[in-house]
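To start, the structure itself, in structure tokens.
Side chains included, hydrogens not; waters and symmetry mates left out as well; all remaining heavy atoms used. Letters A, B, ... are given to chains in the order of the sequence lines, protein chains preceding strands, and every chain is numbered from 1.
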Protein chains: 2
Amino acid sequence: MERSQLIKGLQTILGADKVLDDKLDMLSYSYDSSFKARNNRYIPDVVVTLTSTDEVSKVMKFAYEHNVPVTPRGAGTGETCGALAIEGGIVIDLGGWDVIEEVDAENMQVQLRPGVIHADLNKYLEAYGLFFPPDPGSSQMCTVGGMVANNSSGLRAVKYGTTEQYVLGLEIVLPDGQIITTGGVNSRAIKNVSGLNLTKLFIGSEGTLGIVTKIRLRLWPKPKSRGILMAVYDDLEEAPKTVLEVYKAGILPSGIEILDASAIKAVNEYKPEIALPNAEAILLFELDGNPASVEWEGNEVTRIVNTRAANAEWSTDPERMAKLWQGRAVTATAAARLRADGSRIFAGEDISIPLNQVTESIKRIRALGAKYGIGVVNYGHIGDGNVHTAPVINPEDPKEVELANKLVDEIHLTAIELGGTTTGEHGIGAVRSQYARQEHGAALDVMYAVKKAIDPKGIMNPGKLLPKEGDNKDVSTSASS
Amino acid sequence: MERSQLIKGLQTILGADKVLDDKLDMLSYSYDSSFKARNNRYIPDVVVTLTSTDEVSKVMKFAYEHNVPVTPRGAGTGETCGALAIEGGIVIDLGGWDVIEEVDAENMQVQLRPGVIHADLNKYLEAYGLFFPPDPGSSQMCTVGGMVANNSSGLRAVKYGTTEQYVLGLEIVLPDGQIITTGGVNSRAIKNVSGLNLTKLFIGSEGTLGIVTKIRLRLWPKPKSRGILMAVYDDLEEAPKTVLEVYKAGILPSGIEILDASAIKAVNEYKPEIALPNAEAILLFELDGNPASVEWEGNEVTRIVNTRAANAEWSTDPERMAKLWQGRAVTATAAARLRADGSRIFAGEDISIPLNQVTESIKRIRALGAKYGIGVVNYGHIGDGNVHTAPVINPEDPKEVELANKLVDEIHLTAIELGGTTTGEHGIGAVRSQYARQEHGAALDVMYAVKKAIDPKGIMNPGKLLPKEGDNKDVSTSASS
């Protein structure tokens, strides 16, 4: 379809004020946080800013009829090109649809539209003593719709799991414009095993099966207390061992974060006043629960940590906790500023490996960094093996970009080789689908079959999540390059 | 296909000792715990007892080629005809495949085959300080494979969720015999968002998409302590209010069970020595965690309960806890023996409603029981609104059977009307699919599309989960009768 016809058609359906088509607007929808989007421009043909299910349905019917690709977008904080119009067409911007429709405190549920910002939701829920536990690093910016699309998690997944654990139902506009409700049309049940579990199928499908227009979340009572423990290690290998010992003691912290030597160095160069101890690794444990529980577990974790760490500090004082946490809080920014002429890239940044391979993976990534002459900062959610690796390069230098792409490929392959995955929480998007056959084997064909059953014309966010069929059919380590 | 040919074909593939075909054997595979199976006999053509993925794959290839229906079966403890050969064909008995292949304690995971009994698994895991939290009433008999097929839960779902929360990956034999692994071919990652979430799609699909031959479960550290609180209420309405107040206090018990007056009466008639107080309702709270946490929460819940209950008792003493729990432990049996000439039927027994509709639903079910002259015992998992209703009838009396069927239909419709679902944990099977259109609306068509994409010949457990396409298309309250 001609671009001008496309724009005209959408203007007729929606009115002119909901349809963006000028060059500057298109540019601002052409990137996200990914390295790939830094090196490529994915300019949509047109953007529509929608705030009702009816509008979304009308746009999808139009797109379906005319075979136009459609890419849904929340806040654009993704790191995989997930919300970018790789094949052109329409971007549906849902970021402005930020309506919390109802808090049903008696059933510990909330119904909301996809554009609500994660942090805003939890702030709103404070008055009810409830919260939505997943805690992505982009909490202040990312939308709950985006979290559903990517099955986001973050700091608290160890104890609280990922977004999918809290989604009881979804309203979805299908590729042909039809509207469905998963989890029961009028249901507010907390437990429900009726029918195929479409809710969970749509979560994490990255907008490739339909567009989420409403979300029903189960909430949890907000814990009354929390505490932070910082443990400093002279030997990297001791850190993951502590994590296992804490679990064996029957304790499930709400978060366990690691900064390795590279991250400690980055933080200290960025903010010398934080003055993290020079060490091989720092672990940060967050414990939450009732006051008695937090105190008991704080003592117990301190005891366990002291058998392996050089030193440890435990606090439940809000000011001191913020102080202990500040190194972790600035790690991502610190990594980004490690080189005056460079910048942290989001690529190969989200591997998730078995707990007993964390040390090995960090060692290998250090060696890979040395091999390619690229500094890599390692930090992340060690509690569930989700390590964020931050290569720092000069993205204007084509040679460094080329080397970085090779490094990133090897990081991904290392994760698979160690029994992990290329992505623990950020998703596949357009940057990791080349590993799908290696990761999933024949299951990939079932994914294709499901995709075709729901999106027969292939207009929903094409080029994301699944590789083009026929690509990369061979299972071999070299197939991923 | 002729039955004799079918048997001969399977004998050729598997050897004669794995193929059962005599009449008595067929009879023993013709029922489960459901009321429907009591009144109908679903005799399979042949049963095969399998203990390897290769065998399952060969049988499925054969069945696929010859268009023979296949029904997988674990322990047959289901209450929905889910494991019965409604349309004849092959039953694959996986109950003997009870192998725990590996406990990977360092990554808090276990890999096992589908025939492992739930209680056996948790007993085995004790040595590692780990456990698989879902706790179905049939724990001593049911298989983990069956739990995956039905997304089972039970007593601890309030805090620990359902089976799906713990399944990291599955090996599945597809209808055409192909073998896939979901959650990553060689993955031991705890967190993984790569690809469409097929794991969760297969969980709860009741054997209609393929056969689960291996399960990778995430485990949790086993809490060190627990305590039980029994609260006795003179007014039914006060009980659910307490539940909400406990949540609001930031406390998530591991279980909250209710016995209403009918259940209390049933227990006291069955075992007078238990001597439950005559009351409108009894609530049982189970709290678990570290010792300090359990003590703190026990005190807090006692304080909350005392504002509404006639009396309450809290204990962490194992003997006393068993005593407090024994009324709940025998409720199902007590209901079954309420009438000398009658028996409890499993039908309409598993509704799940919003928490703030629990009182209303029990009142309506009492009125329905009176309308049809049938005693109904109400008990269950009030913490997540999952109420078990146990109609007690003389199943040999056709008149009572007819009335019971009408009662059960109204119980299901009441659940839907109150914003709940016809099934919180037992599943749809062949007994509740007539409500699918009412429960799911247009989402049912997406379920059909997914089913067809994965099982194009419709040989996997036909007649379960989804109504026959074309049946019951109209959405109206009378469509379900």
Side-chain angles (χ1 to χ4, degrees), chain A residues 106-107 129 151 157 178 180-182 184-198 200-201 204-205 221-224 244 247-248 250 252 289-290 292-293 296-297 352 354-356 384-386 419-425 427-428 436 439-443 446-447 449-450 453, chain B residues 106-107 129 151 157 178 180-182 184-198 200-201 204-205 221-224 244 247-248 250 252 289-290 292-293 296-297 352 354-356 384-386 419-425 427-428 436 439-443 446-447 449-450 453:
Chain A
E106 294 203 327
N107 294 306
N151 192 15
Q178 207 185 161
I180 64 165
T181 302
T182 70
V185 177
N186 293 307
S187 177
R188 297 204 174 191
I190 289 172
K191 227 165 76 173
N192 186 343
V193 294
S194 174
L196 288 178
N197 199 342
L198 298 182
K200 300 293 163 85
L201 177 64
S205 65
K222 195 167 183 194
K224 302 282 185 202
L244 290 169
Y247 291 151
K248 276 182 191 158
L252 212 50
N290 64 60
S293 177
W296 189 93
E297 293 189 347
S352 179
L355 283 178
N356 61 357
D384 45 34
N386 190 193
T421 172
T422 58
T423 178
E425 56 184 18
I428 297 293
E439 290 210 56
H440 303 295
V446 179
M447 295 181 198
V450 170
Chain B
E106 293 203 327
N107 295 305
N151 191 15
Q178 207 185 160
I180 63 165
T181 302
T182 69
V185 177
N186 293 307
S187 176
R188 297 203 173 193
I190 290 173
K191 227 164 76 171
N192 186 343
V193 293
S194 173
L196 287 179
N197 199 340
L198 298 181
K200 300 293 163 85
L201 176 64
S205 65
K222 194 167 183 196
K224 301 283 184 201
L244 290 169
Y247 291 151
K248 275 183 191 157
L252 212 51
N290 65 59
S293 176
W296 189 93
E297 294 189 347
S352 180
L355 283 179
N356 60 357
D384 44 34
N386 189 192
T421 171
T422 59
T423 179
E425 57 185 16
I428 297 292
E439 290 210 57
H440 302 296
V446 179
M447 295 181 197
V450 170

| request: Can you tell which part of B/Q178 gets under 4.5 Å to a heavy atom of chain A, answering side chain, backbone, both or neither? | output: side chain
| Under 4.5 Å from any heavy atom of chain A - which part of B/T423 | both
| note | Scored by heavy-atom pairs under 4.5 Å with chain B, the best of A/T182, A/N186, A/L252, A/L201 is A/L252
| note | Hits for side chain to side chain donor-acceptor pair (under 3.5 Å) against A/S293, two or more places apart or cross-chain, chain-then-number order -> B/N290
| With respect to chain B, which residue among A/G289, A/A443, A/A453, A/A449 yields the maximal number of heavy-atom pairs within a distance under 4.5 Å? | A/A443
| field | Heavy-atom pair with the smallest gap, counting every atom of A/H440 and B/V185 | value | C-CG2, 3.4 Å
| task | List the atom of A/K224, the atom of B/K248, and the distance in Å for their closest heavy-atom pair. | result | NZ-O, 4.0 Å
| query | What are the two closest heavy atoms between B/V193 and A/N151, and how far apart are they? | reply | CG1-O, 3.7 Å
| task | Determine the option with the most heavy-atom pairs under 4.5 angstrom with chain A, choosing from B/G204, B/S194, B/G420. | result | B/S194
| query | Do you know which of B/N197, B/L355, B/T181 has the most heavy-atom pairs under 4.5 Å to chain A? | reply | B/L355
| query | Checking B/N356 side chain against A/N107 main chain: does a donor-acceptor pair fall under 3.5 Å? | reply | no
| said: For A/K191, give me all partners under salt bridge (Lys or Arg N to Asp or Glu O under 4.0 Å), at least two apart in sequence or on another chain. | reply: B/D384, B/E425
| said: Only pairs of heavy atoms separated by less than 4.5 Å count here; which of B/G424, B/A292, B/A189 has the most with chain A? | reply: B/G424
| note | Closest non-hydrogen contact found for B/S205 with A/L196 is CB-CD2, 3.6 Å
| Among A/N192, A/I190, A/V446, which has the most heavy-atom pairs under 4.5 Å with chain B? | A/N192
| note | Given B/L244, B/N386, B/T422, B/V450, the one with more heavy-atom pairs under 4.5 angstrom with chain A than any other is B/L244
| Is A/L198 close to B/M447 at the side-chain level, that is, under 4.5 Å between some pair of heavy atoms? | yes
